[in-house]
Amino acid sequence: MNKTFDAIKQTQSTYPALFSEVTETPWGMLFYNPRNTLSVEANHGVLFAPCDYEQALAQVQAYYQQKELPPRLYCYLSEDALPLLEQGAEKLGFSLTPSDLELLICQNPTQRDVKSPLTFEILKEWDREINEHIIGENLHLEGLLRGSMKHNSYRLIVGRLFGTPVTMAGLWDNGEVMRISNVMTGEQFRGLGFGGALITH
């Protein structure tokens, strides 16, 4: 279980390297995407090693203030490290929010056949109809997804209804863990089971 959790933690914490510039530090990474500064996913730090937490937080603060962005840091630490992290955060005016992320292990996955009118494809190049029919007002996602599509380890899978893109999901396979992200169905197509059909596919 610990090995599984460590692999998932590593995948979860490093996937922004698909679409952002990376600055490595002794305690983690700093991600920055100058073409997509609105995205929290593309612009944040990750802390996953014990360190001088006050110094690390100060480094995060200085780095993102220089980029004129709010400093954000995701922490993947054991519970016994939290009191020290909290002390450093309090001194620098950071606030900590615990994650509600849970790791659930399915021992006996079931196969499901889902009847759906959708056809599915791996997108080879950007389809501007995705902006209109799926993304809507979240236009900052285009840069994130297009950057990810440049990597061989990433696939953007689109579900089409009679040719119109209505649902999508990103799939990143780092060789050890597969990460499904950016699962999204266009607002006018929700509640019809299209997202579930895509995930099953």
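Just so you know, residue 1 is the first one in the sequence shown, and it goes up from there.
In this structure, Lys150 is not positioned above the aromatic face of Tyr154 in the sense of NZ or CZ being under 6.0 Å from the six-membered ring centre and within 45° of the axis.
Between Met168 and Leu145, some side-chain heavy-atom pair lies under the 4.5 Å cut-off. Between Gln12 and Arg179 the shortest side-chain heavy-atom distance falls below 4.5 Å. Proximity of Ile135 to Asn138: side-chain heavy atoms (C-beta onward) are separated by under 4.5 Å at one or more points. Counting heavy atoms from C-beta outward, Pro117 and Leu161 have side chains that approach closer than 4.5 Å. A heavy-atom distance below 4.5 Å is not found between the side chains of Gln55 and Trp27. Between Ile130 and Leu123, some side-chain heavy-atom pair lies under the 4.5 Å cut-off. Counting heavy atoms from C-beta on, the side chains of Tyr63 and Gln59 never come closer than 4.5 Å. In this structure the side chain of Leu57 reaches within 4.5 angstrom of the side chain of Leu85, judged on heavy atoms.
Leu144 is not connected to Tyr64 by any chain of hydrophobic side-chain contacts under 4.5 Å among Ile, Leu, Val, Met, Phe, Trp and Tyr, and they are in different clusters. Side-chain heavy atoms closer than 4.5 Å link hydrophobic residues (I, L, V, M, F, W, Y) into clusters, and following such links, possibly through other members, connects Val166 to Ile122. Tracing side-chain contacts under 4.5 Å through hydrophobic residues (I, L, V, M, F, W, Y), one never reaches Phe194 starting from Val158; they form parts of separate clusters. Under a hydrophobic-cluster definition in which Ile, Leu, Val, Met, Phe, Trp and Tyr are linked whenever side-chain heavy atoms come within less than 4.5 Å, directly or via other members, Tyr74 and Val177 are assigned to different clusters.
Looking at every heavy atom in both residues, Gly45 comes nearest to Leu30 through CA-CD2, 4.0 Å. The two residues Ala56 and Cys51 have their closest heavy-atom pair at CB-SG, 3.8 Å. Residues Leu18 and His151 share a closest heavy-atom pair of O-NE2, 2.6 Å.
Rounding to the nearest 0.5 angstrom, the gap separating the CG atom in Asn131 from the CD atom in Glu142 is 4.5 Å. From Met29, atom CE reaches atom OG1 of Thr23 across 10.5 Å, with rounding to the nearest 0.5 Å. Remark: Tyr76 OH to Leu47 CG distance equals 11.0 Å, nearest 0.5 Å. Put simply, CZ on Arg72 and CD on Gln61 are 13.5 Å apart, with the number rounded to the nearest 0.5 Å. Taken to the nearest 0.5 Å, the CD atom of Glu90 stands 8.5 Å off from the CD atom of Glu86. With rounding to the nearest 0.5 Å, the separation of CG in Asn182 from CH2 in Trp172 is 13.0 Å.
Surrounding CD of Gln188 are more than 12 heavy atoms belonging to other residues, nucleotides or ligands, all under 6.0 Å away.
Qualifying ring-ring contact (aromatic ring centres under 6.0 Å, His included) partners for Phe120, counting only residues two or more places apart in sequence or in other chains: His201.
With hydrogens and angles ignored, the 3.5 Å screen pairs no side-chain donor or acceptor of Thr185 with any backbone N or O of Arg190.
Applying the side chain to side chain donor-acceptor pair (under 3.5 Å) definition to pairs two or more places apart or across chains, those involving residues 28-47 are Tyr15-Glu41.
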